[in-house]
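Heads up: the structure comes next, in structure tokens.
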Amino acid sequence: MLGAGGGGDPRLSVLMAAWAVEQHDAPAVVSLDELPPDALVMPCGLIGAPAVAAERIVSGDEGAELRDAVEALLGTPVAAVMAYQLAGANGLVPVTWAARMGLPFADADGTGRAFPRLHQRAMHLAGLTAAPVVLSDGRGNSAVIRAADDAEADRLARATAQSLGGVCAGALYCMRAREAPHAAIGGSVTHACALGEAIARDSIEHELEAIGELGWTKLIAGKVLEVERQVGDGGLHGSVIVQARARGARRLLRLELQDEFLLAMEDGAVRAVVPDLIAVLAADTGAPVPAEALRRGQPVIVVASPAPPLWTSDAGLALGGPAAFGYDLEHTPIVQAAHAGA
Amino acid sequence: MPERDVRISIELGATNTDVVALDDRDYVLTKATLPLEREVGARIRGAIRAATAQAQPPAERVTHAMLGTTAEIDAVLARRAFGCVGVVRIGGPLTHAAPPLVGWPASLRQALSGGQAIVKGGADVDGRVQPLDEEAVLRFLTTVAGRVEGVAVTGVFSPVAPEQELAVAELARRELGADVHASLSHEIGSLGLLERENATILNAGLIGEAQRLATTFREALGAEGVDAERFFARNDGTVMAIEYARRFPALLVGSGPAGGIRAAAFLSGVGDGFVIDVGSAVATIGALVNGHPRESATDRALAGVPVNLRLPDVFTVPLHGDAAAVHARLAEAYARAQGTLAAPTVVAIGGAPGLVTDALAGICEVIRPVHADVANAIGSAIAPVSGRAERICSNRPRDRSRTLEEARAAAVERAVGAGAHPAGVEIVDVEEVPLSHMIDRAIRIRVTAVGPRS
């Protein structure tokens, strides 16, 4: 859901996290304000190509390698692990690392959704610097990146990931606990667990009701009429049209996607747009459908949720709003369906 | 000397045995549906006799014999009657976060695994190879010697660099003897380490059953005086030579639905639509695209384990209850599958003639072609032979064209290995997919070749 159709397939990360928790203890989930003010928080995750990550599976010890490098650079022990992005495949890889290191897992993340660039983080908006970025390939090769600014850190980290096997482990935006509550999005893990429980409800009606209480709105329920996708430089691009029929009337909702679903339009008007989250649920199971798995004829329900408020500030919109993805649009709040049952 | 121009095809179903005999113009000479017998050999012999009885046509005319083994393989999966497998993964120090068989149902793990090891080695996406820890391989083989029927070998990025899997197979032959079969992941699945490894382990665990079926088939044909090329039905609706099937029995899974869909296209002339195969307990619904069964794109699983094999994209509808309830369920299933605006044609095959026509009356056109009752057997009788290969390379023009040539040659070689006639093999599909989030763009090339039976 938080991946908004992108963020990579989380199934392998779920398997790994479950295995790590079976072998070690589950990491304690800690709120950022419970940590001592000087405690060091290490945001981390995988950087690189998801298809490569499904083949070149992590060793599980990358977290410890990142921690050792960060501690050597900053001269302070790492007190907690944080997912730099809780959405998609990246949300649970740091759980594996935290379990294996016996470190707590921060109830926070840097995004509250999936974003393609490493500096599209709450920490960047708060004025923290991404560097030093530490990268490890899990095989003993690592790199430390110092950069002129966060956009350069993003570019260099992704280019280095290429040389570290196509995908690697990375730690960035390391911060003190006293800075973290203002820099990261607090409560992300709690929110994700609540969302997970909502999705697991016994029927689609109950699920919609439960996610409704968490801020999600139904945009349309219908069938996928058209899917157009191409893999361009960097990622997946395309559009999806969902058709609904109710009381003889025909409605069409168009979704634009660049890795994630970014824009939903109906009759030429914006229904929802990035940084707000748009997700597509399979109408039968209620499970979120990744953009690459959507198929013509599939019955779906499109839902949307407002992004964490920092993304709709002026600075937040400049970094992760419609213009950041090439859409010449103002951000507008999500428009609910005009009538129930639509 | 009589003419030799007849193919017979036998489908071992869950509740009966179907058999057909076709001549070289695909004309159906005989067909029969026989009740279930306890023993597979007796079922096959009974089917051969039914096909060649009353000398219509005589056994001497038979050149090819096809066997659909879906029910037998499904029974093995359900009973967990696998052979014991030693599992070797080449990829350390990576991949330890998700060891082999992680997430498997415990009963299945116990039924299959005779031990596992992750040894150092493996490749990178660009083909750079890490040294293989041969000593660790040998140590592992010592621990499983005498206890396993086969080994399953999976290397990180082996579809790019298969040499270490081949090296481990050689070591296994040396240490465990030639009787112990080695299933190598680069010959079985595509990218995605765990799914490919799972498919490879299941393949190794099915080898014994495939060999038993092959022997039973050969002996049954011999006993009935049939001297024919032997084929097994495969998961994409094609057939493969017995020798190939003995090495890749995972490809037997799902052959029934796939063959039925291909037969429905052949018998009805419908290229795109849906096929509903009515069995005794369930109806199986699958999609027909361009005359081929549509492959499942996501969530492919065998025995509850995710795999990246080509499986037909089908779902089932239970048939219990009164006629009205069954009709309602079939209509609902059609609405679910239909999707687009136009009502796609439905081809009804299998048992209960009239059931699908009645259930979907007024909803869409339902065709029930002649011989629909033995469609699965006909599917194997008319099917060609396929081969598929996958490669990964950088998107530089020279690299790409060289790799494309390699993949085409490998797909043709596999089709020939599976029993296609070398002169007739054609490349039918070339798929190039860029891997996203790679800065030096890499592409995955997948080639499918198809040819007539040799």
Side-chain angles (χ1 to χ4, degrees), chain A residues 8 11-20 22 47-52 54-62 93 96-97 100 116 137-140 155 158-159 161-167 223-226 230-236 243 259 283-284 289-290 292-293 295-299, chain B residues 89 91-99 101-104 118 120 122-126 128 130 154-160 190-197 287 294 297-299 306 308 313 315 335-341 344 392 395 432-444:
Chain A
R11 280 178 298 187
L12 175 58
S13 318
V14 173
L15 260 185
M16 292 194 292
W19 171 249
E22 199 182 311
I47 296 168
V52 176
E55 182 70 28
R56 191 190 191 285
I57 294 174
V58 295
S59 76
D61 292 331
E62 292 87 350
V93 175
T96 297
W97 293 335
R100 291 173 71 113
D137 76 345
R139 231 188 231 145
R155 184 178 66 80
R158 288 186 300 113
Q162 181 77 26
S163 305
L164 289 173
V167 69
K223 279 180 178 173
V224 177
L225 185 67
E226 289 296 340
Q230 59 259 343
V231 182
D233 283 314
L236 188 70
Q243 172 181 263
D259 291 314
D284 48 354
V289 186
E292 69 256 23
R295 205 155 61 194
R296 244 179 82 181
Q298 198 172 0
Chain B
R89 183 194 289 173
L94 295 174
T95 78
H96 280 275
L101 309 156
V102 69
W104 282 42
I118 302 177
K120 285 188 179 161
D124 270 310
V125 63
D126 58 8
R128 270 183 308 139
Q130 305 293 324
T154 307
V156 170
F157 276 114
S158 66
V160 180
S190 55
L191 273 195
L193 185 78
L194 280 190
E195 290 85 352
R196 186 171 75 253
E197 180 176 71
R294 185 169 74 196
T298 51
D299 298 330
N308 53 17
D313 188 9
F315 65 98
R336 181 148 72 95
Q338 176 202 353
T340 45
L341 285 175
I392 293 161
N395 203 15
E432 289 184 49
V433 182
L435 300 182
S436 68
H437 294 280
M438 295 287 282
I439 289 167
D440 178 15
R441 274 173 59 186
I443 49 172
R444 169 161 64 186

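Every chain is numbered from 1, with letters handed out A, B, ... down the list of sequences. Computed from a predicted model, the values in this text were never measured in an experiment. Worth knowing before you read on, the calculation uses all heavy atoms, side chains too, and leaves out hydrogens, waters and symmetry mates.
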(request) Mind running side chain to side chain contact (heavy atoms under 4.5 Å, CB included) on A:Arg139 and B:Leu94 for me, showing each step along the way? (result) CA-CA 7 Å; A:Arg139 231 188 231 145; B:Leu94 295 174; 3.6 Å; yes
Heavy-atom contact with chain B under 4.5 Å, split by part of [X]:
X: A:Ser13; value: neither
X: A:Glu62; value: side chain
X: A:Leu12; value: side chain

(request) For residues A:Val52 and A:Gly165, report the shortest heavy-atom separation together with the two atoms involved. (result)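 Closest pair (atom of A:Val52, atom of A:Gly165, distance): CG1-O, 3.3 Å.
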(request) Locate the shortest heavy-atom distance separating B:Ile118 from B:Thr95; write the atom from each residue and the value. (result)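 Shortest heavy-atom separation between B:Ile118 and B:Thr95 comes out as CG2-OG1, 3.8 Å.
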(request) Could you tell me which portion of B:Gln130 (side chain, backbone, both or neither) has an atom closer than 4.5 angstrom to a non-hydrogen atom of chain A? (result)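 Contact with chain A involves the side chain of B:Gln130 alone.
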(request) Go through the atoms of B:Arg128 and report whether side chain, backbone, both or neither lie under 4.5 Å from a heavy atom of chain A. (result)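 The side chain, not the backbone.
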(request) Working to the nearest 0.5 Å, report the span between CZ of B:Arg89 and CG of B:Leu194. (result)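 Here the rounded value is 5.5 Å.
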(message) Using a 4.5 angstrom heavy-atom cutoff, name the option from A:Asp284, A:Val167, A:Asp61, A:Val58 with the most pairs to chain B.
(response)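 So the answer, after comparing A:Asp284, A:Val167, A:Asp61, A:Val58, is A:Val58.
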(message) So which residue, A:Ser59, A:Gly60, A:Gly138, A:Pro299, ends up with the most heavy-atom pairs under 4.5 Å with chain B?
(response)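 Among the listed options, the one with the most contacts to chain B is A:Ser59.
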(request) List for me each residue that meets salt bridge (charged side-chain N to carboxylate O under 4.0 Å, His left out) alongside B:Arg196, sequence neighbours excluded, and say none if there are none. (result)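 In terms of salt bridge (charged side-chain N to carboxylate O under 4.0 Å, His left out), with neighbours along the sequence ignored, B:Arg196 is linked to A:Glu55.
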(message) Quick test of your reading of the model: are A:Arg295 and B:Asp313 salt-bridged, counting only N-O distances below 4.0 Å?
(response)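 Counted as a salt bridge, because a side-chain N and a carboxylate O are separated by less than 4.0 Å.
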